[in-house]
Amino acid sequence: MAGAQPRKRKGATEERTAAAHRPVARVLVDVPLPVHLDRPFDYLVPDRLDADAVPGCRVRVRFRGKLVDGYLLERNETTDFQGTLSWVERVPSAEPVLTPELLEMARAVATRYGGMLADVVRLAIPPRHAGAEKKAPREPGPPPARPGTDGWARYQHGQSFLDALHAGRSARAVWQALPGEDWPARLAEAAATAASAGRGALIVVPDHRDLQRVHDACAGLLGDEVVALAAELAPAERYRRWLAVLRGASRVVVGTRAAMFAPVHDLGFAAVWDDGDDLHSYPQVPYPHTRDVLTQRAHVAGAALIVGGFARTAEAALLAESGWAHELVAHRTEVRAAAPRVTAIGEDDTQLARDPAARAARLPSVGFEAARAALGAGAPVLVQVPRRGYVPALACGDCRERARCRRCAGPLALPGGSEGGAPKPAACSWCGAAEAAFKCGNCGSRRLRAIAVGAGRTAEELGRAFSNVTVRTSGAGEVLATVPAKPALIVCTPGAEPVAEGGYGAALLLDGRTLLARPELRAAETTLRLWFDAAALVRPARDGGRVVVMAESSLQPVQALVRWDPAWFASLELAERAELGFPPARRVAAVDGTPEAIEALLDSADLPDSAEILGPVPLGEVDEDGNSERERLIVRVDRAEGRALASSLHAAQAIRAARKAAELQVRLDPLEML
DNA sequence: AGCACGCCGACT
DNA sequence: GTCGGCGTGCTC
């Protein structure tokens, strides 16, 4: 080692000696720090900690004078550090939690998002709980028997997919679940197939209710072999289960987004369900997405992968169209046999019901009749009502297509703080360009209109329209898991729909127009996903199942629902994103920071050739000169240069961040923001 | 974030 | 000469 001698601390009672072999510990310190410190530091292992200080274990070290947590990455004979090494002060546990696979995965994720390794590791390893280390099991049981997989026979190549999975080939698929599909059972069968071949499996779902369903389905096939991981678990229990996975005792993991990093041994199968749900986006730096992380993991591990749902995202469409994944879809005749009958009711052709109470609830007669028929047949009826809320945004005054910037296709909005004085012209919220002469790209109209989102019908109004029928609600306050096969109106906000025993007799999807007109990039995709997720809970048309959606039948998302063709819409959506320069066709970074920091970044950053710079636009309060304390810059590049973009932004932060920590915030493909 | 090193003004 | 201002840079 390069002349590194231990520093003698004053007051130290014992003289410390470095371990005889590989005394240098390479340590990842776990402190929120500027990007230029996103690298390991070397410490000396005292001989009394020699046995415990194994690669992957937690350590306590002195960093900038303070005792901090860290992970021992590796042990070496020498160091490149010129100064005096500090000691590893403590090894809280010899449990090697940061395994080489986990470290490699965390590195890959950090690189992809231009983020810091320590941030990813913090998401991937739950907080330690000493008691759990004694309790968690160490030994895996024998592999379970291969399960029956007849449920997959309805899908083209379904059986061969499972055969490939069983044979350990890395089959990857975008799966469109049939309406009414018992998807937890299908995913459980795939996981159990991997387990029966002695390999691990990981299924990640959006929320706790889905987790419960998938866990139950897996437990039926796998018993104790399956473990549920969720961030909401009590710390001790969470750590105990996580350790059981780390030690290989539990081969099959189901969980919510935090489980995307679960250290499953010999991963043979990974799945993300309903990847369009925002809950799959981890809301902490560097904001990894379940689908991204699982595709990465499946790739590295040579594992099979399912990106599944009733709907399909543009990202999933890209996986399929690029050939990286196959399609796992049913034949059209199967789809038609399973789907409910869908009717679209636009604003213009709305015939309000004759019944005065139904009129008051603004129910169209078609919806009213469908609901009454279903209730009469003894079935529950689902009513989906968008959440309350308000988003100030602009749409075409005539065709109501979202108003987009002619330069960069960013969303147009009215600048904030416009009380009094002359109304300010609309401006692009990305590049800041004012739009004085808007012309709709869709219909050519020059008129703009402000749009509001989420004024929904209420349960009481419906209760009056259907007197003597039980009305139950499921939403933000209380989410129902299931409802019995009895006549009832189940009023839900999107995503909170309970599963009905035997399926709903009908579903009414209200306020489709406001949902579709929201300013977000993914408004149409998300709306269609919410519709498919609700409509999939309805009985097939041959059993009387009906869906009435309140939106113009001429709109593409509405057509996709009526024809039950999620793949068709996702493909259109992907093509449109490509045309407008949005993810996933291109990669977009949003960089927030002070005007000085943004300027310094633009001066120094070595951005890829294809980089297109939009803005910066002010964020938050704007003074009279149009300046603000923080700005947002959008950088977009060709997909092939996504890696280069991430790394150049990472490097640019490092140069700049030497002075002040966290001066710039970088987010890659920030879909929720666009 | 804290903490050390370093290069110019007011003082004994 | 030398005490100390806080600008600049580093953190094993």
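Just so it is clear: chains get the letters A, B, ... in the order the sequence lines come, proteins before strands, and each one is counted from 1. The analysis underlying the following values was restricted to heavy atoms, covering all of them including side chains, and did not include hydrogens, waters or symmetry mates.
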#### Entry: Donor-acceptor under 3.5 Å (A:Q296 side chain, A:A108 main chain)
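No.
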### Query
Backbone N or O of A:D50 within a donor-acceptor pair of the A:D47 side chain at under 3.5 Å?
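Pair absent, no side-chain N/O of A:D47 close to backbone of A:D50.
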What is the distance from [atom1] of [X] to [atom2] of [N], rounded to the nearest Å?
X     : N      : atom1 : atom2 : value
A:F81 : C:dC10 : CZ    : P     : 11 Å
A:R75 : C:dC12 : CZ    : P     : 19 Å
A:Q82 : C:dT11 : CD    : C1'   : 16 Å
A:R64 : B:dG2  : CZ    : P     : 8 Å
A:L85 : C:dT11 : CG    : P     : 12 Å
A:Y43 : C:dT11 : OH    : C1'   : 8 Å
A:R62 : B:dA1  : CZ    : P     : 22 Å
A:W87 : C:dT11 : CH2   : P     : 20 Å

### Query
Can you name the residues that form a salt bridge (Lys or Arg N to Asp or Glu O under 4.0 Å) with A:E599, not counting sequence neighbours?
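A:E599 satisfies salt bridge (Lys or Arg N to Asp or Glu O under 4.0 Å) with no residue once adjacent residues are dropped.
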### Task
Would you check if there is a donor-acceptor pair between the side chains of A:D669 and A:H289 at a distance under 3.5 Å?
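The answer is no; no qualifying pair exists.
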### Query
Between B:dG2 and A:K66, is there an OP1 or OP2 to side-chain N/O distance shorter than 4.0 Å?
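Answer yes for this pair, as a side-chain N or O of A:K66 is under 4.0 Å from OP1 or OP2.
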### Query
How would you list, by chain and number, every residue that makes a side-chain contact (heavy atoms from CB on, under 4.5 Å) with A:R529, sequence neighbours excluded?
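Per chain and number, A:R529 pairs via side-chain contact (heavy atoms from CB on, under 4.5 Å) with A:D274, A:D277, A:A311, A:T526, A:D533.
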### Message
Do the side chains of A:R247 and A:E133 get close enough for a salt bridge, i.e. N-O under 4.0 angstrom?
### Response
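Salt bridge absent between A:R247 and A:E133.
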### Summary
Output field dot_bracket for DNA chain C (Watson-Crick or G-U, both distances under 3.5 Å, | for other-strand pairs) contains |||||||||||.
